[in-house]
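Read through the structure below, which is laid out as structure tokens, and then see the notes.
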Amino acid sequence: MEVSIISKFNNQSNQDELVNEKIRFKEVLVIAQNGDQLGVMSRSKAINTAYDANLDLVCVAPKAKVPVCRIMDYGKYRFEQQKKMKEMKKNSKVVTLKETQLSPTIDVHDKNVKLKRTIKWLESGDKVKIAVRFRGRQLAHVEIGQKTLDDFVAECSEYCVVEKPAKLEGRTMIAILAPKKK
């Protein structure tokens, strides 16, 4: 939802925004700068009221039954909106999906190295896809790969939750882990 709001705001130019003469509704509900409702009035009367106060008439709810317009300083309003968008963008974290590949016959040391790396990714807030690849005749013994994957997930269960349980897709068994909320 946040991404669509940000992109919508960034793509919108001054021509798309309904301000002063660009408002084409016959009647609008006008809200004063202090928040008081001035009532439903014609577009021209609303624009004149805004100009008398040396402010702008900005349409804040064009899809309402009676469109809602607010009398405000449009430059200040745009500045505040841009400031909010920057703050939202700064606070949003992009979650990436990392991948750890195992084999059914992985050695203990190799498994421990991959386990440490996976735990580091989970602690940094990334999701991890665990993939066990079956080669040749290994596909006849899926239970060995299932046990390897289950052991691996059990060892990092302190740092993660299983978002998608193990499932065989072709020659690869995949499970997706998400970091635990702090």
Side-chain angles (χ1 to χ4, degrees), residues 1-100 118-131 153 156-170 172 174-182:
M1 184 71 186
E2 293 175 2
V3 175
S4 63
I5 292 170
I6 292 170
S7 63
K8 182 179 177 184
F9 184 78
N10 290 339
N11 292 339
Q12 224 173 18
S13 64
N14 288 345
Q15 291 128 2
D16 295 352
E17 295 173 11
L18 298 174
V19 183
N20 298 331
E21 281 78 25
K22 291 181 184 166
I23 299 171
R24 294 288 174 209
F25 303 110
K26 194 174 184 180
E27 289 186 331
V28 292
L29 173 64
V30 181
I31 300 174
Q33 188 177 18
N34 60 6
D36 296 339
Q37 279 194 16
L38 301 179
V40 178
M41 54 179 76
S42 68
R43 179 182 78 96
S44 58
K45 185 175 179 185
I47 291 172
N48 288 335
T49 306
Y51 284 162
D52 289 344
N54 285 334
L55 296 170
D56 300 301
L57 185 69
V58 180
C59 190
V60 291
K63 297 194 183 205
K65 192 171 186 179
V66 176
V68 180
C69 294
R70 187 178 191 112
I71 296 174
M72 65 175 83
D73 182 357
Y74 181 64
K76 187 176 179 182
Y77 170 74
R78 287 233 6 208
F79 175 75
E80 292 296 325
Q81 292 296 330
Q82 288 174 343
K83 197 169 159 183
K84 283 181 189 175
M85 291 303 142
K86 280 183 184 177
E87 192 67 31
M88 282 174 51
K89 208 172 190 181
K90 185 175 83 175
N91 290 336
S92 66
K93 175 158 181 2
V94 177
V95 177
T96 56
L97 181 67
K98 305 284 188 172
E99 182 174 351
T100 299
T118 301
I119 290 171
K120 188 171 95 176
W121 287 336
L122 288 167
E123 286 177 336
S124 69
D126 296 324
K127 290 183 180 182
V128 181
K129 176 171 126 180
I130 310 296
V153 170
C156 47
S157 64
E158 185 179 324
Y159 305 95
C160 68
V161 293
V162 178
E163 188 173 275
K164 181 181 168 195
K167 182 180 175 189
L168 187 63
E169 296 175 2
T172 308
I174 296 173
I176 296 181
L177 308 178
K180 276 190 177 173
K181 303 280 188 227
K182 294 174 185 163

Mind running side chain to side chain contact (heavy atoms under 4.5 Å, CB included) on Lys180 and Glu158 for me, showing each step along the way?
CA-CA 8 Å; Lys180 276 190 177 173; Glu158 185 179 324; 5.5 Å; no
Heavy-atom distance under 4.5 Å between the side chains of Val162 and Val153, does that happen here?
yes
Would you compute the distance between atom NZ of Lys127 and atom NZ of Lys164 and round it to the nearest 0.5 angstrom?
11.5 Å
So, are Glu169 and Lys129 salt-bridged, with charged N and O less than 4.0 Å apart?
no
Below 3.5 Å, can you tabulate the donor-acceptor pairs from side chains in residues 61-73 to any protein atom, sequence neighbours excluded?
| residue | atom | partner | partner atom | Å |
| --- | --- | --- | --- | --- |
| Asp73 | OD1 | Gly75 | N | 3.4 |

Got a sec: does the NZ of Lys84 have more than 12 other heavy atoms crowding it under 6.0 Å?
no
Identify the two heavy atoms, one from Glu123 and one from Tyr159, that lie closest to each other, and give their separation to 0.1 Å.
OE2-CE2, 3.2 Å
What do the steps show when you test Trp121 against Thr100 for side chain to side chain contact (heavy atoms under 4.5 Å, CB included), and what is the final call?
CA-CA 10 Å; Trp121 287 336; Thr100 299; 3.4 Å; yes
Heavy-atom nearest pair, Ala50 first then Leu57, reads CB-N, 3.9 Å
What distance separates Lys26 NZ from Ser44 OG, expressed to the nearest 0.5 Å?
11.5 Å
If I take atom CD from residue Glu99 and atom CG from residue Asp126, how far apart are they, to the nearest 0.5 angstrom?
13.5 Å
To check you understand the geometry: which heavy-atom pair defines the closest contact between Leu122 and Pro179, and what is its length?
O-CB, 3.3 Å
Excluding sequence neighbours, so at least two apart, what forms side chain to side chain contact (heavy atoms under 4.5 Å, CB included) with Asn34?
Ala32, Asp36
Would Lys90 and Glu87 pass as an ion pair if we require N to O under 4.0 Å?
yes
Distance check, rounded to the nearest 0.5 Å: Arg43 atom CZ versus Asn48 atom CG?
10.0 Å
Taking atom CZ of Phe79 as the centre, report whether more than 12 heavy atoms of other residues, nucleotides or ligands fall under 6.0 Å from it.
no
Would you sort out whether Leu177 and Cys156 count as a side chain to side chain contact (heavy atoms under 4.5 Å, CB included), showing the intermediate values?
CA-CA 9 Å; Leu177 308 178; Cys156 47; 3.9 Å; yes
Calculate, to the nearest 0.5 Å, the distance between atoms NZ and NZ belonging to Lys76 and Lys83 respectively.
10.0 Å
Would you name the heavy atoms of Glu163 and Ala178 that are closest together and state the gap between them?
OE1-CB, 3.7 Å
CD1-SG distance between Ile176 and Cys160, expressed to the nearest 0.5 angstrom
12.0 Å
